[in-house]
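Take a look at the structure below.
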Protein chains: 2
Amino acid sequence: MADATDRRSASPPDPASLPVPERLLSAATRLFAQHGFERTSVQELVDAAGVTKGAMYHYFSSKEDLLFAVYQRVLAMQTRRLEEFAEADGPLAERLHAAAADVVLTTVDNLDDTVIFFRSLHMLSEERRGAVRKERRRYHERFREMIRTGQRQGVFRADVPADLVVNHFFGSVHHLGMWYRPDGALSGAAIGGYYADLLLASLRPDPAPTGTG
Amino acid sequence: MADATDRRSASPPDPASLPVPERLLSAATRLFAQHGFERTSVQELVDAAGVTKGAMYHYFSSKEDLLFAVYQRVLAMQTRRLEEFAEADGPLAERLHAAAADVVLTTVDNLDDTVIFFRSLHMLSEERRGAVRKERRRYHERFREMIRTGQRQGVFRADVPADLVVNHFFGSVHHLGMWYRPDGALSGAAIGGYYADLLLASLRPDPAPTGTG
DNA sequence: CGGCACATACCGCCTGGTCGGTGGGAGGAC
DNA sequence: GTCCTCCCACCGACCAGGCGGTATGTGCCG
C-alpha cells in the first residue's frame, strides 16, 4: 500500500522510453503546476515532453483535453487510495486516522496534481467540470460516511455536520500546495500525522459544548 | 464591526456614479472570479465596467496591474480585520474564536476576492507575488502568535506546531470558495461558528496524545 | 488655453489548432 | 526471401483570430 509513490523521479525530459501519451501527461503536470494552464503554450509543452505538436494532437484533441486527462489520472488515484483505507479492518477512528494521514501523504507526493486540480478547474468545459465535480463528490461522500458512522456510534461528536467536517479537512489538505515544500522542516508523513490528529481531536465528543449548534 | 458587509449588491453594470477605478476594480473582481484572470479579456472587462480601454489604461498600467490592485484591496481588508480582533480584550481563547469566526464570515462575504487570491497568484510578476506573500505571511504570523501565546499559557495543546495549525485552519477557510454557496443550508456565520469551534477543539489540551510528535 | 480624463482606431504578436506529407514496420503475394 | 503495399504514428510549416497594449484625437473644466 506504500508502493504507489515510486513514479516520482521520472520528471525531466523523460526517458524517451515511456510511451508518448504518458510523456505528455507528465510534462503537462509539471508545467501546468509550475506556470499555470494558460501560461503554458502547447509548443513549450511538447518541447518539454520531447515530442512534436503533431504527436500531441494525435493523442489529445486539444490542450484542454490534456488537462482533463491529468484530472482523470488524479481522480483515479485518489479514489483507489481511499477505497483501500475505507474498506480495511480495525476500529473506525483508526481507519479514519489512517485514511486522513494517507490523503496528506499522497497529496504531498503528488503536489503538482493537487495544485493543478484546484487552480485550473475553471479551465475545463462545463461538461467536464461537472464530471470532475461528480467524481470528487463521490470521494467526499465516502469520507463523510465514515464520519457519520462514527457520529451514530457515539465515538465522534455529533453536534457538527459531517459534511462540514469533510470540507474543513479537505480544505486544509488542498491548501498544502500553497505552503508545503519537500525540503521544509516537516515531512509529508509528519504533516499527515498531525492533520489526522487534528481531525480526530476536533471530532472527539465534547463534554462542554462551545458551539453555535 | 459587523457593518463591512454592506458593499454587496453593487455588482451589475455599476451605478455609473462610482469613480472609474473602483468600477474597474469591482468588475475585475467579479470577472476574474467567474472566468479566471486569463479568460477575462481586457475588452470584456472594460465593457462590464461601462468604461473604455483608454480609461482603464489611464488608471492601470496593465491587466496584471489591475489584478494586483485587487490583491492589495483584499490584503488591506484582511489585515485590518485581524488587527481589530487580535488587539481586543478578553480571554485568549475567546479572542481567537472570534477572530477565526470573523475570518470565515469576511471570506464568504467576499468570496470573489478569496477565489481570485488563491487561484491567480501565479499570474502576478515574481516581484509582486513576493509582496503579496510577505503581507500574507505577516497576517499568518499575527494569528500564529495568538496560538503560541495560548500554548505557552497552557490553555492550548503544545504538541502540535502553531504554524501547522495556522496553515491547517486557513486552508479550510481558503477552500470555502470551492463549496460555499450563499443560498446553501449553512450561513456564513454558522460556518464561522463551526470552524472556530473546530479550531478550538483541536487546540484543547489533550490527556491522551495520539500524535506522531 | 492648457492639461487632465478619457475615447477609438489600430497594431503586431503569439497562440491553439490544422493539414498535407512521410517513414518504417507489418503482412500478403509470389 | 524479397518486394510491394498500406497504414498508423508522427512531423512541422502554416494560419486565422484574438489578445494586450498603444497612439493619437478630443472635449471639458479650471
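Because the structure is predicted, anything quoted here is derived from the model rather than measured. Throughout, protein chains are lettered first and strands after them, A, B, ... in sequence-line order, and every chain is numbered starting at 1.
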Whole angstrom is fine here: how far is it from [atom1] in [X] over to [atom2] in [N]?
X       : N      : atom1 : atom2 : value
B:Arg39 : D:dG18 : CZ    : C1'   : 14 Å
A:Tyr59 : D:dC11 : OH    : C1'   : 13 Å
A:Leu24 : D:dA9  : CG    : P     : 14 Å

Salt-bridge criterion met for A:Glu126 and A:Arg129 (N-O under 4.0 Å):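 Yes, this pair counts.
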Least distance between heavy atoms, A:Asn167 atom then B:Tyr195 atom: C-OH, 4.1 Å
Over all atoms of both residues, closest heavy-atom pair of B:Ala162 and B:Ile147: CB-CG2, 3.8 Å
Contact under 4.0 Å: B:His58 side-chain N or O vs C:dA5 OP1/OP2: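 Answer yes for this pair, as a side-chain N or O of B:His58 is under 4.0 Å from OP1 or OP2.
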Contacts of type side chain to side chain contact (heavy atoms under 4.5 Å, CB included), residue [X], not counting sequence neighbours:
X        : answer
A:Ala100 : A:Phe143, A:Phe169, A:Ala196, A:Leu199
A:Arg39  : A:His35, B:Phe37, B:Glu38, B:Met123
B:Arg119 : A:Arg119, A:His122, B:Val115

Using distance only, find each side-chain donor-acceptor pair of residues 53-62 of chain A under 3.5 Å and give its atom names and separation, not counting sequence neighbours.
unit_1, atom_1, unit_2, atom_2, d
A:Ser62, OG, A:Glu64, N, 3.4
A:Ser62, OG, A:Asp65, N, 3.1

Name all residues meeting the ring pair (Phe, Tyr, Trp, His ring centres under 6.0 Å) criterion together with [X]; count only those two or more places apart in sequence or in a different chain, and write none if there are none.
X        : answer
A:Phe156 : none
A:Phe118 : A:His174, B:His175
B:His140 : B:Phe170

Extract from the structure each pairing of a protein N or O with an N or O of nucleotides 20-23 of chain C at less than 3.5 Å, listing the distance.
none

Donor-acceptor contact present, side-chain B:Arg30 to main-chain B:Asp112, <3.5 Å: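 Pair absent, no side-chain N/O of B:Arg30 close to backbone of B:Asp112.
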Could you list all N or O pairs between the protein and nucleotides 12-18 of chain C that sit under 3.5 Å apart?
unit_1, atom_1, unit_2, atom_2, d
C:dG16, OP1, A:Thr40, O, 3.4
C:dG16, OP1, A:Lys63, NZ, 2.6
C:dG16, OP2, A:Val42, N, 2.8
C:dG16, N7, A:Lys53, NZ, 3.3
C:dG17, OP2, A:Tyr57, OH, 2.8
C:dG17, OP2, A:Lys63, N, 2.9
C:dG17, N7, A:Lys53, NZ, 2.9
C:dG17, O6, A:Lys53, NZ, 2.4

Reading 5' to 3' through nucleotides 24-30 of chain D, protein heavy-atom contacts under 4.0 Å coded B for base, S for sugar-phosphate only, - for none: -------
Estimated bend of the helix from C:dC1-D:dG30 to C:dC30-D:dG1 (axis per five terminal pairs, rounded to 10 degrees):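 Roughly 0°, once rounded to the nearest ten degrees.
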Passing option when B:Phe117 is tested against B:Phe32, B:Tyr139, B:Phe68, B:Tyr71 for ring-ring contact (aromatic ring centres under 6.0 Å, His included): B:Tyr71
All pairs passing salt bridge (charged side-chain N to carboxylate O under 4.0 Å, His left out) where residues 170-189 of chain B contributes a residue, at least two apart: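 Output for this query is empty, none listed.
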